[in-house]
Enquirer: 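Just passing along the structure, written as structure tokens.
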Amino acid sequence: MTSAQATQTAHAKSARSHKSAANAKSAKKAKNAFSNRKVDRAFYWMAVPAAVIFAFFLYWPFIQGVGYSFTNSQGYGDYKIIGLKNYFALFQDSRVGHAYLFSFFIAILITVLVNAIALFLAVALNGRIAFKNGFRAIYFIPYTLSVLVIGYVFKYIFMQPLPALGQALGIKWLSTSLLTSETLSWIPIVFLAVWQSVAYSVLIYLAGLQTIDSEIYEAAQIDGVNAWQNFWKITFPLIGPFFTINLVLTMKNALGTFDQVVALTDGGPNSATETVTYLIWKGGLTGGEYAYQTANAVLFFIVLAIIAFIQLKFFGSREQV
């Protein structure tokens with residue numbers, strides 16, 4: 001090896017060593033710069049006020065409500081602390097018990113119907129059909145309408161045209177208004193809730209269907225998979241997370257059914273259609289049971305939290321992504 005070649009080789013080694021040292025130094029510097037960087041104060045100016053406002057209008061009233069649930073307050077004037085008497089009374093109140101049973105009854109029906117119909121419509125709208133966007137807009141319109149306004153429209157339908165149709169067809173149970181029947185008055189409430197809630201669930205399912213790669217369906221088609229196997233073995237497992245969140249949201253909203261009851265039955269006939277939320281509003285704000293119904297609201301919050309946790313735990317463990 002000549003002296004010139006030796007010198008060139010030495011320079012190359014020196015350059016490589018300097019380069020590796022520089023890379024290590026820059027990596028170390030980048031790591032230190034990332035871990036020790038200063039956060040712009042603008043983030044705090046945006047996040048902290050929002051957190052304070054959120055806590056003031058949500059958490060503080062909730063804490064106050066929990067406190068009132070241990071008193072005999074009527075919503076005004078003086079009151080005394082009575083401990084757990086309101087909670088003990090709730091478990092002995094047949095009206096409260098009926099409200100919980102009725103709420104769970106319609107909530108289960110609404111949840112099953114909404115998700116079954118929404119999933120069917122979402123799969124249909126995700127297919128290759130004409131006027132796809134137009135159909136999506138039509139199905140979403142009910143969600144944009146006020147529940148109270150559309151509820152009064154449905155009340156007229158169940159009071160006038162529907163009984164007339166039942167009489168014309170000779171259907172006895174439909175010949176009189178369902179809203180006046182203690183045993184059938186739940187049907188209009190469930191119908192209205194399902195009719196309006198399907199739209200939002202369809203959107204969630206459509207979002208889930210968009211995440212599925214079309215190549216999976218092409219491969220299944222080559223293997224000779226039929227439509228039902230295509231849905232049950234591929235589509236449904238892959239939208240498992242979306243199905244779980246839809247179940248939780250639908251059940252939560254259904255248990256909180258309120259506007260439909262106010263618009264259609266006002267809790268009647270004979271308190272047959274009183275839900276928990278309606279009873280809390282009716283007794284707490286207009287019936288002089290402020291602290292008592294506040295305790296009911298706290299209990300209902302605990303029930304909702306437990307149900308949501310069970311749903312997430314049960315269906316989340318069965319998700320396949």
Enquirer: Taking Gln167 for the side chain and Ser175 for the main chain, is one N or O donor matched with an acceptor at less than 3.5 Å?
Expert: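 Answer holds: yes.
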Enquirer: Any chance you could lay out the side-chain hydrogen bond (donor to acceptor under 3.5 Å, both in side chains) test for Asn296 and Tyr100, step after step, and finish with the verdict?
Expert: CA-CA 10 Å; Asn296 193 11; Tyr100 273 88; 2.9 Å; yes
Enquirer: In terms of side-chain heavy atoms, does Tyr278 have a donor or acceptor partner in Thr257 at a distance below 3.5 Å?
Expert: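 Distance-only check fails for Tyr278 and Thr257.
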Enquirer: What's the verdict on side-chain hydrogen bond (donor to acceptor under 3.5 Å, both in side chains) for Thr235 and Tyr217, showing C-alpha distance, side-chain angles and the deciding distance?
Expert: CA-CA 9 Å; Thr235 303; Tyr217 293 114; 2.7 Å; yes
Enquirer: Is the backbone of Phe158 close enough, under 3.5 Å, to the side chain of Ser177 for a donor and an acceptor to pair up by distance?
Expert: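 Checked: pair present.
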Enquirer: Do side-chain atoms of Asn226 reach the backbone of Gln229 as a donor and acceptor pair under 3.5 angstrom?
Expert: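 Looks like yes, one N/O pair under 3.5 Å.
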Enquirer: Would you mind checking if Arg95 and Glu274 are paired as a salt bridge, meaning a charged N to carboxylate O distance below 4.0 Å?
Expert: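 Result for this pair is yes, salt bridge flagged.
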Enquirer: Nearest 0.5 angstrom please: Lys155 NZ to Leu192 CG, how far?
Expert: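 Interatomic distance, Lys155 NZ to Leu192 CG, rounded to 0.5 Å: 12.5 Å.
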Enquirer: Does the Ser181 side chain pair with the main chain of Leu178, one donor and one acceptor, at a distance under 3.5 Å?
Expert: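 The answer is no, because no donor-acceptor pair under 3.5 Å joins these two groups.
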Enquirer: So, for Tyr87 and Phe70, is the gap between ring centers shorter than 6.0 Å?
Expert: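 Centroid distance Tyr87-Phe70: below 6.0 Å, so yes.
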Enquirer: Consider side-chain contact (heavy atoms from CB on, under 4.5 Å). Of Leu247, Ile306, Leu249, which one does Gln311 pass it with?
Expert: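 Running side-chain contact (heavy atoms from CB on, under 4.5 Å) over Leu247, Ile306, Leu249 with Gln311 returns exactly one hit, Leu247.
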Enquirer: Can Tyr290 and Asn72 be counted as having a side-chain donor-acceptor contact under 3.5 angstrom?
Expert: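 No, Asn72 and Tyr290 have no side-chain donor paired with an acceptor closer than 3.5 Å.
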Enquirer: Under a 4.5 Å cut-off applied to non-hydrogen side-chain atoms, are Thr176 and Pro163 in contact?
Expert: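 No; the side chains remain at least 4.5 Å from each other.
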Enquirer: Any side-chain to backbone donor/acceptor pair from Asp213 onto Glu215? Under 3.5 Å, distance only.
Expert: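 Yes; judged by distance alone, with no hydrogens or angles, the pair exists.
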Enquirer: Under the side chain to side chain contact (heavy atoms under 4.5 Å, CB included) criterion, do Met251 and Ile307 qualify, and how do the steps go?
Expert: CA-CA 9 Å; Met251 177 64 79; Ile307 291 175; 4.0 Å; yes
Enquirer: Tell me if the aromatic rings of Trp186 and Phe102 count as close, with their centers under 6.0 Å from one another.
Expert: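 For Trp186 and Phe102, the ring centres are not under 6.0 Å apart.
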Enquirer: If we ignore angles and hydrogens, is there a donor and acceptor under 3.5 Å between the side chains of Asn126 and Tyr205?
Expert: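 Distance-only check fails for Asn126 and Tyr205.
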Enquirer: Look at the side chain of Thr265 and the backbone N and O of Thr273, then say whether any donor-acceptor pair between them is shorter than 3.5 Å.
Expert: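 It does not hold such a pair.
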Enquirer: Classify the ring geometry of Phe54 against Tyr59: parallel below 30°, tilted from 30° to 60°, perpendicular beyond 60°.
Expert: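 Phe54 and Tyr59: perpendicular rings.
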Enquirer: Stepwise, does the side chain to side chain contact (heavy atoms under 4.5 Å, CB included) test hold for Leu279 with Thr275?
Expert: CA-CA 6 Å; Leu279 186 60; Thr275 60; over 6 Å; no
Enquirer: Measure centre to centre between the rings of Phe236 and Trp232, then say whether the value is under 6.0 Å.
Expert: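 When the ring centroids of Phe236 and Trp232 are compared, they turn out to be within the sub-6.0 Å range.
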Enquirer: Going by atom types only, do Ser73 and Thr71 share a side-chain donor-acceptor pair under 3.5 Å?
Expert: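 No.
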Enquirer: Name the one of Leu113, Leu145, Val190 that satisfies side-chain contact (heavy atoms from CB on, under 4.5 Å) with Trp195?
Expert: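 Among the candidates, only Leu145 passes.
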